[in-house]
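We use all heavy atoms of the structure for the numbers below, so side chains are in, but hydrogens, waters and symmetry mates are not.
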Amino acid sequence: MPRTADRASAQKIVPLRHPGTWVATFVVLLIVCLVAYSVATNPAFEWPVVAEYMLNAEVLTGLQRTLELTLAAMVMGLVLGTVLALFRLSNNRLLSTLSWAYIWFFRSVPVLVQLIFWYNFGALYSMISLHVPFGPTLFAVSTNTLITPLFAALAGLGLSQSAYTAEVIRAGVVSVPTGQTRAALALGMRRLMIYRRIILPQAMRVIIPPVGNEVISMVKNTSLVSVIALAELLYTTQLIYARTYQTIPLLIVASLWYLIIVSVLSVGQYFLERKFRHR
Amino acid sequence: MSGVAQHADPMLRIRGLSKSYGHRQVLCEIDLDVPAGSVMCIIGPSGSGKSTLLSCINHLEPIDSGKLWVADELVGYREHKDKLYELPEREVARMRQNVGMVFQQFNLFPHMTALQNIIEAPIRVKRMPSAQARERAAALLDRVGLASKQARYPAQLSGGEQQRVAIARALAMDPKLMLFDEPTSALDPELVGEVLAVMQDLAKTGMTMVVVTHELGFAREVADQLTFMDGGRIVEQGDPRAVLAAPKEKRMQDFLSRVL
């Protein structure tokens, strides 16, 4: 097309230039390079030690334990959280009050406190037994054999997680228009079926982004169980540097692994969100 | 169609139905009979209680007093020694299978295709085998002129198409009575006709229908009876042509002069 001034449709449009952005980008890149150079060349970071321990068998076992704890606590949180959310939204006053009280309690007490509390549960009740009132004992077991560090970790992480997840799921359920419930009721469907087939699948769009965040928080929150001597990723590296005094490089090892896990999870979250987006 | 409407027992019978939200009475001593196989159109200004009345018929809204029967079955309650006992959810859900409902906002399930919307309740509620449900759903979609759109999601359909899928979805439960709550009010004007045509065909098959609408043309052509409601009461009722041509009540005259 000939470029002539008298033909308005042929005139080139020049977008607004942003020279400041280019300058700022250059400055930022420069700073990044300087920091990277300093980190790479400072011998105190002990990069060879980091490399040595990245795939160390002990570290990998700790990593595995971290992943298992994250998965178990999140599954617990989601299952219990869904039940709590439905209780909270129920017309039954008893159920909604119970759920409210549970959420209030487990969101208020710090997870760290809960972990230590569960770990020391034996101090409160040394035996756990089940018996018929005024009748024979069905079974009795010492609290310390029942509540292992793993049990205490799952209880502490899972129970408080379920309180948060319940609120997320409740928000998701509330976001689905009431017309959906009315339509399903008019077809003769019952409450539980409506939740399972109609409401929850639609609520997923609202639920998944915050739950993705919670999973990512949980990966790092599992490091709290190091206080009850459960050898997850952080505690494993702590055990190693207690022997070798290579504190900084081993903390870097742990940090790098957390970075890797969270990065992989973020990719997973992206695909999940895409799957539940409305067509 | 008025020839069809000669059964002794009405498909829907309402006696003395009242309902309030707090201090505001939305339905006041409603009596209504809809014979099997006939079409009842309900018109009236917004806030007159038309939609609430429909919701009471399949117990989506509880009532304060009065009784209503669908196919001779008391809706929502069990009568025992002069008292009405509210039925458990299971019983109410079973009863609702007899009553199909079509909503102003379509309320299709957005995460399911047109076909999935239709087969959901027959499979889950009636425990119909999947193959049979699909076959019936395909036939219903064909009947509402959407045979080629089985695999479309609601968001990929026009408003008129969505409402026709919603009608097919309600019909899939083999209801004895169909309720339409302003089925064309949310549609663009050029899409109203296709939905009304499907409803008119349905009326021809002898389906008992209660239609809350602002489409006076449809009421005149298709309805066997017309009811005009205002302020939670039935103000005027009768043959639609006669009532629309020469309304007796002042309130209905005013209403018609505003909408026509």
Given a strict heavy-atom distance threshold of 4.5 Å, which part of [X] is in contact with chain A: side chain, backbone, both, or neither?
| X | answer |
| --- | --- |
| B:Leu108 | backbone |
| B:Gln116 | neither |
| B:Arg94 | neither |
| B:Phe103 | side chain |

Do you know which of [options] has the most heavy-atom pairs under 4.5 Å to chain A?
| options | value |
| --- | --- |
| B:Met95, B:Arg169, B:Gln97 | B:Arg169 |
| B:Met101, B:Arg90, B:His59, B:Met173 | B:Arg90 |
| B:Ala93, B:Ser55, B:Pro175, B:Ala121 | B:Ala93 |

About how many Å separate [atom2] of [Y] and [atom1] of [X], when rounded to the nearest 0.5 Å?
| X | Y | atom1 | atom2 | result |
| --- | --- | --- | --- | --- |
| A:Leu192 | B:Glu89 | CG | CD | 7.5 Å |
| B:Gln105 | A:Arg182 | CD | CZ | 11.5 Å |
| A:Ile199 | B:Phe109 | CD1 | CZ | 8.5 Å |
| A:Leu187 | B:Asn117 | CG | CG | 9.0 Å |
| A:Arg197 | B:Met112 | CZ | CE | 5.0 Å |

Flag yes if more than 12 heavy atoms outside [X] fall under 6.0 Å of its [atom1] atom; otherwise flag no.
| X | atom1 | answer |
| --- | --- | --- |
| B:Tyr85 | OH | yes |
| A:Arg190 | CZ | yes |
| A:Glu273 | CD | yes |
| A:Asn91 | CG | no |

Chain B interface, residue from A:Arg191, A:Gln180, A:Met193 that has the most non-hydrogen pairs under 4.5 Å: A:Gln180
Close side-chain approach of B:Leu60 to A:Leu185, heavy-atom, < 4.5 Å: yes
Test item: A:Met204 and B:His111 side chains (from C-beta on) under 4.5 Å apart, heavy atoms: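 When only atoms from C-beta onward are counted, B:His111 and A:Met204 do not touch, as no gap falls below 4.5 Å.
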